[in-house]
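Please read the structure below before turning to the comments.
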Amino acid sequence: MENINQLLQVRREKLEKVRKLGINPYPNRCKRTHKIGELIEKKDKFLESGEKIIIAGRLNAMRRQGKVGFGNVSDDTGKIQIFVRKDNVGEENYEIFKLFDLGDFMQIEGDCFVTRMGEYSVRASMVTMLGKTLLPLPVVKEKVVDGKVERYDEFHDIELRYRKRYLDLLLNPEVKDTFVTRSKMIKSMRDFLDARGFVEVETPILQPLYGGANARPFVSHHNTLDVDLYLRIALELYLKRLIVGGIERVYEIGKNFRNEGMDRTHNPEFSMIELYQSYADINDMMELTEDMVLHIAKEVLGTEVIDFLGTEIQLKKPWCRAAMLDLIKEETGFDAADFDFVKIKAFCTEHEIEIEPTAGPGKLIEEIFGVFVEPKLIQPTFVIDFPKEVSPLAKEKPGNPLLTERFELFINGNEYGNAFTELNDPLDQRQRLEAQSKLREMGDAEANVVDEDFLEALEYGMPPTGGLGIGIDRLVMLFTGNTSIKEVILFPQMKPEE
RNA sequence: GGGCCUGUAACUCAGUGGCAGAGUAUCUGACUUUUAAUCAGAGAGUCGAUGGUUCGAAUCCAUCCAGGCUCACCA
């Protein structure tokens, strides 16, 4: 406490000194002519021409040496050494230079040159304060050893990094890289869909009913209407209304909210893309998924093979397609194709798989799959033929009333996407939602509710449609080599302090 | 929610019952080509919080708070 006061005190005093010199430490204008990256990129040109340039950035290192000082200044394109000499900037300006602290924003007017030690630098003819910082930034020092950057005293306390993400971004360059990659991926996804005639839309986040997934919602309240509203748990039901409305290809990229546990692949709010394509089915969705992910990988990473922490993930088409029941049989030798509840239950008990009171054979099959098969699906795999019982929005598989035309995409043992040949039979859909509703009454808090408005829309007619949802955060994790979802969400959910 | 682990200076960390420590950062002094600058000196702490054991607690015990990993939960 005393200590931070002391550190604060010093900076505030310097701030006052700057003001006393008649200088505004937070000026309205700056005069940057070049970004640092440009100086580095066209080094020869700037060295040859000796032209006047003005850069601006944060001061992140300072080596003062009496009447001369070397600093490192960085902007979002790079970092460069500055050289400030009393004889060059003049006595008055040098006094100002002395009032800079690490972290302050600085404008440097000068020209490029190479120091005696061979470092490409900017020789200042004038420095200007663009903004004084009052709190000291943690200091991370770097040294190049054998061409590799070694960093000292890195800012890596995980809690601090997430709570003060601005510091994390400033001090850990790879963190910024992750979020830049994320941005590029989403842009690339948009480009891909836009080029195929998809229309991007925004649907309500505050909804009078929630649906489209099995999950518990967050509840809020609208004062004027005096009604409870739910934060959406999926985008599905509103996007299908738009398919009914004749937007034949539609997508939305947005946040979903699920009031459930958090771990390294779950955050209460997370980003999804959902897309729906009229006159298409599950097979079209598989091809589209392959094409889209491959497109993003090529565009953003420039590769078809991802190296995920040493595991090679091959994205080249076609990806594996396998039926859930076949995979279970392969992995365990257990054949559940007859949906014999007693038999399946016995298998679960034998393998200590928890059986929820509302679970039927389909739910148990999914559980068995989750335990025995999921973690083994490392290369991209479309798992198809889901039990109808756990797929209330998917169309039945022709020839087998117990299964649906649905896939989930698995990579690296995690689920990345979910798609159906969408159920467009309004009467069937009503029955399925009502069955879900019964499960709710029996205590399944994650079962769907009956959305009459959605059912009415279906009665007006939804064309045959293929739909797909992909978890964006997880895809970013895959592309950036992160094992925690918190690393790809700028401000992940944390418990409030105190 | 269970198990394991972590919390000490602004940052990174040592310290396992006997005076609260180091490096960096900060401050003072020296230094007109340094680059983890260097050299000399100084200041800086509610040892996560509360309670207990003890002559004595950062250290042992209990509870709580925050975080991490993991299991459970979770499309």
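Naming: A, B, ... by sequence-line order, numbering from 1 per chain.
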**Request:** Return yes if the base of U34(B) and the side-chain atoms of Q65(A) contain a donor-acceptor N/O pair under 3.5 Å, otherwise no.
**Result:** no

**Message:** Suppose we screen for salt bridge (Lys or Arg N to Asp or Glu O under 4.0 Å). Which residues come up paired with K240(A), at least two apart in sequence or across chains?
**Reply:** E236(A), E422(A)

**Message:** Test: ring-ring contact (aromatic ring centres under 6.0 Å, His included). Region: residues 119-150 of chain A. Which pairs qualify, not counting sequence neighbours?
**Reply:** none

**Asked** What's the closest nucleotide to the V139(A) side chain, out of A75(B), A25(B), A36(B)?
**Response** A25(B)

Please tabulate, one pair per line, each protein N/O and nucleotide N/O from nucleotides 69-71 of chain B that are separated by under 3.5 Å, including the distance.
unit_1	atom_1	unit_2	atom_2	d
U70(B)	OP2	R264(A)	NH1	3.4

**Fill in**
K495(A) has its side chain closest, among C13(B), G67(B), A25(B), to G67(B)

**Pairs meeting criterion ring-ring contact (aromatic ring centres under 6.0 Å, His included) with involvement of residues 128-165 of chain A, two or more places apart** = none

**Message:** Can you list everything that forms a ring-ring contact (aromatic ring centres under 6.0 Å, His included) with F334(A)? Sequence neighbours excluded, please.
**Reply:** F347(A)

Please list, one pair per line, the donor and acceptor atoms closer than 3.5 Å that link side chains of residues 77-87 of chain A to other protein atoms, with sequence neighbours excluded.
unit_1	atom_1	unit_2	atom_2	d
T77(A)	OG1	I36(A)	N	3.4
T77(A)	OG1	G37(A)	N	2.7
T77(A)	OG1	D75(A)	OD1	2.6
K79(A)	NZ	E142(A)	OE1	3.1
Q81(A)	OE1	R63(A)	NH2	2.7
Q81(A)	NE2	S121(A)	OG	3.1
R85(A)	NH2	N88(A)	OD1	3.4

**Asked** Starting at the 5' end of RNA chain B and moving along, which residue's nearest nucleotide shows up first, D153(A) or V114(A)?
**Response** D153(A)

**Request:** Could you give the distance separating C31(B) and G21(B) at their C1' atoms, to the nearest angstrom?
**Result:** 30 Å

**Message:** Please tell me if R163(A) has a side-chain N or O lying less than 4.0 Å from either OP1 or OP2 of G67(B).
**Reply:** yes

**Request:** In whole angstrom, give me the gap between the P atoms of U16(B) and C60(B).
**Result:** 10 Å

**Message:** What is the distance, to the nearest angstrom, from the CZ atom on R12(A) to the P atom on U26(B)?
**Reply:** 18 Å

**Message:** Within the structure provided, determine whether L402(A) and K388(A) are in side-chain contact (heavy-atom separation under 4.5 Å).
**Reply:** no

**Message:** What's the gap between U28(B) and A44(B) when it is taken at their P atoms, as a whole Å value?
**Reply:** 16 Å

**Fill in**
Ordered by number, residues from residues 347-381 of chain A within less than 4.0 Å of RNA chain B (heavy atoms) are E354(A), E356(A)

**Pairs flagged by side-chain hydrogen bond (donor to acceptor under 3.5 Å, both in side chains) wherever residues 124-140 of chain A is involved - sequence neighbours left out** = R11(A)-T133(A), K52(A)-S125(A), D101(A)-K132(A), D104(A)-K132(A), D104(A)-T133(A)

**Prompt:** What parts of residues 66-81 of chain A reach RNA chain B, counting only heavy atoms under 4.0 Å away?
**Reply:** G66(A), K67(A), V68(A), F70(A), Q81(A)

**For Y210(A), ring-ring contact (aromatic ring centres under 6.0 Å, His included) partners two or more places apart** = Y230(A)

Which donor-acceptor pairs under 3.5 Å do side chains of residues 361-370 of chain A form with protein atoms, sequence neighbours excluded?
none

**Request:** Considering only atom C1', compute the distance from U26(B) to A9(B) and round it to an integer number of Å.
**Result:** 11 Å

**Item:** L237(A) CG to Q207(A) CD distance, which is reported to the nearest 0.5 Å
**Value:** 7.5 Å

**Message:** Applying ring-ring contact (aromatic ring centres under 6.0 Å, His included), can you list everything that pairs with H266(A), at least two apart in sequence or on another chain?
**Reply:** none

**Fill in**
When both distances are under 3.5 Å in a Watson-Crick or G-U wobble arrangement, the nucleotide paired with C73(B) is none

**Message:** Given the structure, check if the side chain of R116(A) and the base of U33(B) hold any donor-acceptor pair shorter than 3.5 Å.
**Reply:** no

**Message:** Can you say whether a donor on the side chain of D157(A) sits under 3.5 Å from an acceptor on the base of G67(B), or the other way round?
**Reply:** no

